[in-house]
Amino acid sequence: MSVITRFAPSPTGFLHIGGARTAIFNFLFAKKHKGKYLVRIEDTDLKRSTDEAIQAIHDGLEWLNIVPDEKIIYQSQEVKSHVKIAVELLEKGFAYKCYLNSDELKQLRFKSRENGSPIKSPWRDKLNKNNDDSFVIRLKMPSKGKTTIRDLVQGEVSVNNEILDDMIILRSDRSPTYMLSSVVDDYNMGITHIIRGDDHLNNAFRQVQIIKFLNWKEPSYAHVPLIHGSDGLKLSKRHGATNIFDYHKMGYTTEAMFLYLMQLGWTANNENDFDLDKIIKEFSLEKVNKSPARFDIKKLNSINSKNLRQKDLDEVLELIMKHFSLKLENIQKYRLKSLLPELLKRTNTYIEIKDDIEWITIDDFICNNKDNLLILKDKNTTLKEIGFLLNECIWSKDSIDSCLKKYIIDKSLKFKDIGPILRIALTGKTSSPDLVTVIYELGCTISLNRLNYKY
RNA sequence: GGUCCCUUCGUCUAACGGUUAGGACACCGCCCUUUCACGGCGGCAAUACGAGUUCGAAUCUCGUAGGGAUCACCA
């Protein structure tokens, strides 16, 4: 039987980092077993589900490049089949109508919390005699024995059936609850492996009862731990961005994000190598850790920086042009691309090259930093003299290099006497790629213009 | 509080019951160097605590402490 996994987010917000990692695990596992990875939007709570959220989930998945193998399924469109199962469960005596009102429930809940036992509805063994319509359908949980789940991540976990509460599967408005819908959809979709956050582990014991009542084949479970913030607490806004798509906006690459997320709780052979085929081959749920990992932006930065330097230059250029809405002539584009490898050595994210775009792409760029300008004023002649020499020189890195060195020797100077001012005149900055490269890539005309400018 | 799960350098983690407890990120130092980087070399740094089993425990058992998940007519 071939493997089918699913990522099942509820569209009540953007795609969370933790959710994204769950999706990645689902994707990886399915691919490893040459199966299918599906996405199901759990939008049964119509009040809280929004179109923006659905779009955000799309955007996030698309950015991470983990789009499902089949059309996305919307749970809200499957409610009929969920209700049908609820009725079947009722008819077969595995579920019952419960007429408890909210006040009665509140009291029961209070009691149950006190003595640590689940809520017991008095209607479990009573028949409907008043014929009224305000009921919910509850599942008749087994009260003896225990239920054990062989979880691919958590191992074998057992729980005494007496702690299972008679969960509601159909609300009083006849809509199915998540506890039912999820199980039915997984069955209908032929899901073989349920990989989800470990906040669902407790649900598994209850949901599996439906499967047992109906004699369905039990899927395999893998409950992966949640991701925590740097302080070990649940990831929230104050830890930084939790929306996966924000990391795109911050200049992280798809590959880096994928690499980082998948390594939170799982160890790859090579943490910086984004070779999807290799990753898929290596991936194993059994090796996923049981304890929650902390999100560490510094590690992400490191992976991103390395990925940026490995990545195809045209792709990086494309990302940069898109991010900064740059419209460049071919010559400027070429200049930027040529200097890119040097710039990328100095950044974690590609948006950090922001300050370098102007001096590279604007032909008549002139230093506009006041403090730096003052320095240049005194050195006008030096710049001109160097400019004169450069004008005579063959345009190669070697000859530019020897040209500069010759000047130093002739004037008995040190490189640090001309380096900083050259750099400021050419780039407007006090740090940049090495000067020979800068001069060479900027070209003779532009370099001379900047050196000969009257500051 | 009940139930379930977890605990190895600051962080992510590796280690058939036998390793000088390994790697990566971060940090520090040195080298390279015209700046900032990249790179190279090196350093700091961990088995939560306490018992037990064993010739031998990070690894198995129990207890303690700490952390997490969950306990809805949400998903």
Side-chain angles (χ1 to χ4, degrees), chain A residues 8-12 42-45 47-49 75 98 100-102 105-106 109 112-119 134-138 149 151 153-155 157-160 162-165 167-179 181-182 196-206 223 225-226 228 230 232-234 260 263-268 270-272 287 289-303 305-306 309 341-347 401 404-405 408 414-420 422-424 427 429-436 438:
Chain A
S10 60
T12 53
E42 310 227 309
D43 57 348
T44 47
D45 186 352
K47 274 171 256 158
R48 293 205 304 152
S49 301
Q75 190 160 62
C98 167
L100 248 28
N101 64 37
S102 61
L105 253 179
K106 237 181 236 168
R109 206 170 351 254
S112 82
R113 188 108 190 184
E114 250 184 357
N115 59 27
S117 61
I119 295 174
S134 58
F135 62 84
V136 299
I137 295 184
R138 287 181 185 274
I149 285 183
D151 193 285
V153 170
Q154 304 288 335
V157 187
S158 302
V159 104
N160 284 327
E162 60 192 26
I163 67 131
L164 267 21
D165 68 316
M167 67 182 183
I168 294 172
I169 54 175
L170 202 74
R171 301 187 186 94
S172 52
D173 66 359
R174 306 294 128 92
S175 67
T177 60
Y178 158 81
M179 292 304 261
S181 299
S182 174
R196 53 181 10 174
D198 73 359
D199 48 335
H200 285 290
L201 181 60
N202 293 276
N203 291 336
F205 296 100
R206 303 194 284 161
H223 289 94
L226 272 17
H228 284 192
S230 47
L233 266 31
K234 201 172 151 182
Y260 179 61
Q263 287 176 94
L264 243 29
W266 177 67
T267 308
N270 183 338
E271 66 175 11
N272 287 306
K287 282 200 205 154
N289 270 299
K290 289 192 203 182
S291 49
R294 300 181 190 202
F295 188 84
D296 181 14
I297 194 83
K298 284 182 178 160
K299 183 91 176 190
L300 210 209
N301 281 339
S302 159
I303 291 178
S305 170
K306 291 204 172 81
R309 280 177 272 150
E342 281 302 317
L343 297 177
L344 293 176
K345 280 183 191 165
R346 285 147 239 262
T347 58
D401 188 39
L404 293 180
K405 282 186 177 135
I408 298 167
K414 295 241 162 101
F415 207 105
K416 65 177 180 203
D417 296 320
I418 63 161
L422 274 177
R423 179 165 286 111
I424 291 170
T427 70
K429 301 175 64 189
T430 50
S431 72
S432 78
D434 79 283
L435 282 172
V436 174
V438 168

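Just so we're clear, the structure is a prediction, and the values are computed from it rather than from any experiment. Naming convention: chains lettered A, B, ... in sequence-line order (proteins, then strands); numbering from 1 in each chain. Reckoned from all heavy atoms, side chains included, excluding hydrogens, waters and symmetry mates.
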Rounded distance in Å - [atom1] ([X]) to [atom2] ([N]):
| X | N | atom1 | atom2 | result |
| --- | --- | --- | --- | --- |
| A/F205 | B/C4 | CZ | C1' | 7 Å |
| A/I169 | B/A75 | CD1 | P | 14 Å |
| A/N272 | B/C38 | CG | P | 14 Å |
| A/H223 | B/A75 | NE2 | C1' | 13 Å |
| A/L422 | B/C36 | CG | C1' | 16 Å |
| A/K345 | B/C38 | NZ | C1' | 5 Å |
| A/F295 | B/A26 | CZ | P | 15 Å |
| A/N301 | B/A26 | CG | P | 9 Å |

**OP:** Mind checking ring pair (Phe, Tyr, Trp, His ring centres under 6.0 Å) for A/H228 and listing every partner two or more places apart, or none if nothing turns up?
**Re:** none
Which atom names give the shortest non-hydrogen contact between [X] and [Y], and what distance separates them?
| X | Y | result |
| --- | --- | --- |
| A/I149 | A/F205 | CD1-N, 3.8 Å |
| A/R196 | A/A204 | NH1-CB, 3.9 Å |
| A/P433 | A/V438 | O-CG2, 3.6 Å |

Original post:
Can you check whether A/V157 reaches A/H223 side chain to side chain, under 4.5 Å on heavy atoms?
Top reply: no
**OP:** Please examine the side chains of A/P225 and A/S291, heavy atoms only from C-beta on, and report whether any two atoms are closer than 4.5 Å.
**Re:** no
Only pairs with both distances under 3.5 Å count, Watson-Crick or wobble alike; so what is the partner of [N] in this structure?
| N | value |
| --- | --- |
| B/U70 | B/G2 |
| B/A14 | none |
| B/U54 | none |
| B/A21 | none |
| B/G42 | B/C28 |
| B/C49 | B/G63 |
| B/U35 | none |
| B/C9 | none |

Which part of the nucleic acid does [X] contact within heavy-atom distance under 4.0 Å: base, sugar-phosphate only, or nothing?
| X | value |
| --- | --- |
| A/S10 | sugar-phosphate |
| A/R109 | sugar-phosphate |
| A/V159 | sugar-phosphate |
| A/G265 | sugar-phosphate |
| A/L164 | nothing |
| A/T12 | nothing |

For [N], does OP1 or OP2 lie under 4.0 Å from any side-chain N or O of [X]?
| X | N | value |
| --- | --- | --- |
| A/N160 | B/C4 | no |
| A/K290 | B/C4 | no |
| A/T44 | B/A75 | yes |
| A/T267 | B/A14 | yes |
| A/R294 | B/U13 | no |

How far does the [atom1] atom of [N] sit from the matching atom of [M], given to the nearest Å?
| N | M | atom1 | result |
| --- | --- | --- | --- |
| B/A57 | B/A48 | C1' | 16 Å |
| B/A58 | B/G18 | C1' | 13 Å |
| B/G17 | B/C55 | C1' | 12 Å |
| B/U13 | B/U7 | C1' | 14 Å |
| B/G67 | B/U8 | C1' | 16 Å |
| B/U35 | B/U47 | P | 41 Å |
| B/G2 | B/U53 | C1' | 32 Å |
| B/C49 | B/U3 | P | 27 Å |

**OP:** Starting at the 5' end of nucleotides 29-34 of chain B, put B wherever the base has a protein heavy atom under 4.0 Å, S where only the sugar-phosphate does, and a dash everywhere else.
**Re:** -----B
**OP:** Scan nucleotides 57-69 of chain B nucleotide by nucleotide, 5' to 3', and note B when protein non-hydrogen atoms come under 4.0 Å of the base, S if they reach only the sugar-phosphate, - if neither.
**Re:** -----------SS
According to side chain to side chain donor-acceptor pair (under 3.5 Å), who are the partners of [X], at least two apart in sequence or on a separate chain?
| X | answer |
| --- | --- |
| A/R423 | A/S432 |
| A/R48 | A/D45 |
| A/D296 | none |

Original post:
Between the base of B/C36 and the side chain of A/S432, is there any donor-acceptor pair under 3.5 Å?
Top reply: no
Original post:
Would you say the side chain of A/D43 and the base of B/A75 hold a donor-acceptor pair, judged only by whether the two atoms sit under 3.5 Å apart?
Top reply: no
**OP:** Based on the glycosidic angle (syn within 90° of 0, else anti), state the conformation of B/C38.
**Re:** syn
Original post:
Distance only, no hydrogens: is a donor on one side chain within 3.5 Å (strictly under) of an acceptor on the other, for A/D173 and A/S175?
Top reply: yes
Original post:
Using 4.0 Å as the upper bound for N to carboxylate O, is an ion pair formed by A/D165 and A/R138?
Top reply: no
For the side chain of [X], counting heavy atoms from C-beta on, which of [options] is nearest?
| X | options | answer |
| --- | --- | --- |
| A/V157 | B/C5, B/C36, B/C25 | B/C5 |
| A/S172 | B/C25, B/C73, B/A75 | B/C73 |
| A/K298 | B/A26, B/C5, B/A75 | B/A26 |

Original post:
A/R174 side chain to A/L170 main-chain N or O, any donor-acceptor pair under 3.5 Å?
Top reply: no
Subject >> Check: A/T44 main-chain N/O paired with A/Q75 side-chain donor or acceptor under 3.5 Å >> reply: no
Original post:
How do A/D296 and A/R138 order along RNA chain B: which one's closest nucleotide is nearer the 5' end?
Top reply: A/D296
Subject >> Contact nearer the 5' end of RNA chain B, comparing A/D173 with A/K306 >> reply: A/K306
Original post:
Hey, what's the ring geometry for A/H200 with A/Y178, parallel, tilted or perpendicular (30° and 60° as the breaks)?
Top reply: tilted
